[in-house]
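A quick note: this is a predicted structure, and the numbers were derived from the prediction, not measured.
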Amino acid sequence: MTLRKSIFWCHLVAGLIAGPIIAIMSVTGIAIAFEEEILRWHDRRESRLEGVSGKERVPLPIAELTRKIEANSAGKKVSSIAMFSDSGRAWEVHLGDDGPFYLDPFTGETRASQAHGAHEIIHKLEEWHRWLGADEGLTSTGRIVTGVSNLALVVLCVTGLYLWFPRQWTWRALRPLLLLKTGFKGKARDFNWHNVCGFWALPVVLALALTAVAISFEWGHRLVFILAGEEPPKSRNYGMMAVPPPVVPAPALGTSPVPLDTCFSRIVAAFPNWESITLEAMPDPASSPLEPLEFGVTVPDPMPSRAYIPVKSHPFTGEILQQVHFQDRSVGLQARVWIRFLHTGGAFGLPGKIVASLATAALLVLVWTGFALSWRRFFRKARTQAA
């Protein structure tokens, strides 16, 4: 058996086994890639303040806003609050685990999100994308199946590129491999679509497959840090971004915490290009008064983890005690975060998501044409021989 024939059969078998799973991950992947845009569209009315954009108005004090919100919350407490530099955008609050609610900072009125149904659907699609909807989630057999299918996709990309190379480098030979031909039908059409879609989508699909391997497997996650010469963190989720909190200097005896508005103002002054500032957890009277206040600041950047800056503040002075920018992270951690957002295309904002989705749509064409060509190879040939 020649090398080309061996690689062909490897490509064929990998495609037939992993193809259905790859198709499921492709369809669900396109949908969940635009989660942020879908949810924002559902709340496009609730999240806007009418007739205030561009006007100089002063929001109510946060303590007063909190009292107004909790007065109508059936005993639930405000757990987080986010303000935005866009004066026409409503603030966002959470009550315990519920939310978001959209807050008018000038009146204290709130509106509930209308995106909960869409969020539930996207959450189900994420479960199917990651572990085929299995109840066990991270520990399920479905997660192993999707991980192996991602590995198979890497094999399909490499072997497919080898098989794509024409025996003769002439325009006549290259044209059906580079351009879609409208006059082809049947096997010739499927072969044309398979080669053309495979060639143009290959760089993006290979990037999606490789990043998926790092996300799917513990060894893939660890390999990123090992290659960077670092000790892999135990956590594979957002916990790997955690850093030791700063020590809050003890204030003078009898000193009271400053209003939260002061802390927000300090952060606004420190980040002139801020887009949003979120108090991630409201101060808990039962906790130690020397625990820093946890804020999250977003600045203009298409990649969420680069745009997001964790900030810790002194509760008694409002002084910023710690801020961790993306460039302050280790090389391994930066690479691991890039992998996460390269996988969705989100590393390059909406244009990146569109490119990733187009490549994923091409992958669906590859699965379809691959099965169609296999059907003709095995079943049409068998029928012809029987006749």
Side-chain angles (χ1 to χ4, degrees), residues 34-124 126 238 257-268 271 274-287 291-300 304 307-313 315 318:
F34 296 96
E35 176 180 6
E36 182 181 350
E37 289 76 14
I38 292 170
L39 299 182
R40 188 186 301 136
W41 182 85
H42 274 276
D43 283 342
R44 64 194 181 280
R45 295 186 180 90
E46 287 71 22
S47 63
R48 301 301 299 178
L49 301 175
E50 296 181 0
V52 299
S53 183
K55 293 185 178 181
E56 292 296 332
R57 296 179 63 186
V58 179
L60 296 174
I62 292 176
E64 183 176 346
L65 288 171
T66 301
R67 285 194 296 271
K68 284 178 172 289
I69 297 167
E70 293 179 348
N72 301 307
S73 66
K76 293 184 178 180
K77 299 294 184 180
V78 173
S79 54
S80 70
I81 185 167
M83 60 185 290
F84 300 90
S85 59
D86 178 0
S87 60
R89 183 170 174 180
W91 292 11
E92 294 182 13
V93 297
H94 281 77
L95 294 168
D97 295 329
D98 296 338
F101 295 90
Y102 295 101
L103 168 69
D104 185 333
F106 307 108
T107 66
E109 296 178 357
T110 59
R111 287 178 286 188
S113 170
Q114 302 300 308
H116 293 299
H119 187 272
E120 286 298 317
I121 293 173
I122 292 173
H123 180 67
K124 288 296 181 183
E126 287 175 343
Y238 191 75
V258 297
L260 292 175
D261 308 81
T262 301
C263 299
F264 274 98
S265 298
R266 288 286 190 95
I267 296 175
V268 167
F271 297 89
W274 71 282
E275 291 186 341
S276 71
I277 302 173
T278 303
L279 177 58
E280 302 288 3
M282 295 291 285
D284 183 359
S287 65
E291 290 185 2
L293 297 175
E294 299 184 12
F295 290 87
V297 180
T298 60
V299 296
Y308 182 83
I309 304 170
V311 174
K312 303 289 195 303
S313 291

Point to revise | Distance (rounded to the nearest 0.5 Å) between Thr110 OG1 and Leu95 CG | key: 7.5 Å
Revision key, fill the gap. Taking every heavy atom of Ser80 against every heavy atom of Glu280, the minimum-distance pair comes out as CB-O, 3.6 Å
Review point. Would you find a donor on one side and an acceptor on the other, under 3.5 Å apart, between the side chain of Glu36 and the backbone of Phe34?
Key: no
**Study point:** Donor-acceptor contact present, side-chain Thr298 to main-chain Ala307, <3.5 Å
**Key:** no
Exercise for review: Any chance you could measure Glu46, atom CD, to Glu92, atom CD, to the nearest 0.5 Å?
Suggested key: 11.5 Å
Review point. With side chains defined as the heavy atoms from C-beta onward, is the minimum distance between Leu260 and Pro283 less than 4.5 Å?
Key: yes
Check your understanding: Taking atom CD of Glu126 and atom CD of Glu35, what is their separation to the nearest 0.5 Å?
Key -> 5.0 Å
Point to revise | Exercise: identify the closest heavy-atom pair between His42 and Ala115 | key: CB-CB, 3.7 Å
Revision key, fill the gap. Closest non-hydrogen contact found for Ser313 with Ile267 is OG-CD1, 4.1 Å
Point to revise | Nearest non-hydrogen partners of Gly318 and Cys263, listed with the distance | key: CA-SG, 3.8 Å
Check your understanding: Rounded to the nearest 0.5 Å, how far apart are CD1 of Ile62 and CD1 of Ile81?
Key -> 5.5 Å
Check your understanding: Is the backbone of Trp41 close enough, under 3.5 Å, to the side chain of Arg44 for a donor and an acceptor to pair up by distance?
Key -> yes
**Study point:** Any donor-acceptor N/O pair, Glu70 side chain to Val78 backbone, under 3.5 Å
**Key:** yes
Practice item. Determine yes or no for a side-chain-to-main-chain donor-acceptor pair under 3.5 angstrom, with Ser79 supplying the side chain and Gly96 the backbone. Key: yes
Practice item. Test Leu103 against every option in Leu60, Leu49, Leu65 by the side-chain contact (heavy atoms from CB on, under 4.5 Å) rule and name the one that passes. Key: Leu65
Check your understanding: Hey, does Met83 have a side-chain heavy atom less than 4.5 Å from the side chain of Trp274?
Key -> yes
Point to revise | Non-hydrogen atoms of Phe101 and Ala112 that approach each other most closely | key: CD2-CA, 3.8 Å
Review point. Is Asp86 paired with Arg48 through a side-chain N to carboxylate O contact shorter than 4.0 Å?
Key: yes
Check your understanding: Which of parallel (below 30°), tilted (30 to 60°) and perpendicular (above 60°) describes Phe264 and Trp91?
Key -> parallel
**Study point:** Pro310 side chain reached by Glu294 side chain, heavy atoms, under 4.5 Å
**Key:** no
Practice item. Kindly compute the distance separating OG (Ser85) from CZ (Phe271), expressed to the nearest 0.5 Å. Key: 13.5 Å
Point to revise | salt bridge (charged side-chain N to carboxylate O under 4.0 Å, His left out) partners of Lys68, counting only residues at least two apart | key: none
Exercise for review: Identify the heavy atoms of Met282 and Thr66 that sit nearest to each other, and give their distance.
Suggested key: CE-OG1, 3.8 Å
